[in-house]
Amino acid sequence: MKDEASSSQATFVRQLGEGERKVLALHCTIAHSRAWAGLAAALKDEATLIAPDMLFHGQSPDWDGEGDVFEAVTRQALDQLTEPMDVIGHSFGGMIALRLAVEYPELVRSAVLIEPVFFAVVKHDAPHLVQDHDREAQPYLTALAAKDYRLAARLFNRMWTLDDGPRWPDLPERTRAAMERGIQLVAPVEDVLFDDRLGLLKAGQPDRATMPVLLLRGSRTQPTIQVINTGLQNRLPSASDRVIDGAGHMLPISHPHETAEQMLRFWGAKENTRSE
């Protein structure tokens, strides 16, 4: 494992694994780059994960408030694509991975989007589920608006982890503090996630992502995720949707071996198709 900080963006980058396949790995909100450790171990010697910490997360700095934060976290990821690579992203990290696939297809060999939280797809395909999501999310959104970041992190974590991870009182204080810091990224990016401010769903845009795409979700996840994955499968030129039985939203952490199995199968099928 190799850890380093990028001098240009002060982005902390962790390297996991020693496989020949280079993979950019983008973590979810209120996590950090080490969250990929279990998956990297399950992939064994197949891949090397290049895993940056997002702003507000891990050992990377907070956002300085200048410009647009979604642009800033995208740049953090793009800076790691020094050559065409496979990309994986979980949840909010999946949104960044999707943007890279659409806007920089020449740098993305393949993409694995694990439960990407692109709620604009739901607003278009199943708007009634957005109302259900908004009701469920209201407690942590209220806490965010009041800048009670600890309560917001606790409620956000409860909403998305279900029983995929330890309960808040069982988490170490260091972990709770990291989640409290990371939750500050949520509000500034909501217009991208819910309103498609970047136009990723506009006519012709999804067609730019011509590389193979694997959409992964857990069988016990939020109903909105099924709509998102199905919607993206229908919009992207070469996408497939797979389900990991018994998993929830945190499947790359709670079910690393099953996630690795799906990814290895996907990569193998991609290489076989290319060689034919």
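All heavy atoms count here, side chains included; hydrogens, waters and symmetry mates do not.
- A distance of 8.5 Å separates OG1 of T259 from CH2 of W36, quoted to the nearest 0.5 Å.
- The cationic atom of R21 (NZ for Lys, CZ for Arg) lies less than 6.0 Å from the six-membered ring centre of W267 and within 45° of the ring axis.
- The shortest distance between side-chain heavy atoms of V69 and L185 falls below 4.5 Å.
- Counting only heavy atoms from C-beta outward, the side chains of P116 and L98 never approach each other to under 4.5 Å.
- A distance of 4.0 Å separates CD of E136 from CE of M159, quoted to the nearest 0.5 Å.
- Within the 4.5 Å cutoff, the side chain of I88 has heavy atoms near those of the V23 side chain.
- By the 6.0 Å contact criterion, CG on D45 is open, its count of non-hydrogen atoms from other residues, nucleotides or ligands being 12 or less.
- Rounded to the nearest 0.5 Å, atoms OH (Y104) and CG (L81) are 10.0 Å apart.
- In summary, E180 and R176 do not engage in a salt bridge, as defined by a charged side-chain N under 4.0 Å from a carboxylate O.
- Within a 6.0 Å radius of CD in E106, more than 12 heavy atoms belonging to other residues, nucleotides or ligands are found.
- Rounded to the nearest 0.5 angstrom, F266 CZ and L216 CG are separated by 9.0 Å.
- Hydrophobic clustering, with ILVMFWY side chains joined whenever heavy atoms are under 4.5 angstrom apart, keeps V243 apart from L236.
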Go through the steps to decide whether Q226 and T230 satisfy the test side chain to side chain donor-acceptor pair (under 3.5 Å), and finish with yes or no.
CA-CA 6 Å; Q226 180 176 350; T230 300; 5.1 Å; no
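- Distance check: L232 CG to N234 CG gives 9.0 Å after rounding to the nearest 0.5 Å.
- With rounding to the nearest 0.5 Å, the separation of CZ in R34 from CD in Q59 is 8.5 Å.
- Between F70 and F92, the ring center distance clears the sub-6.0 Å criterion.
- Ring-centre distance between H57 and H27: below the 6.0 Å cut-off.
- Inspection of the S91 and H249 side chains reveals an N or O donor paired with an N or O acceptor under 3.5 Å.
- Counted within 6.0 Å of CG on D64, heavy atoms from surrounding residues, nucleotides or ligands total more than 12; the atom is thus considered enclosed.
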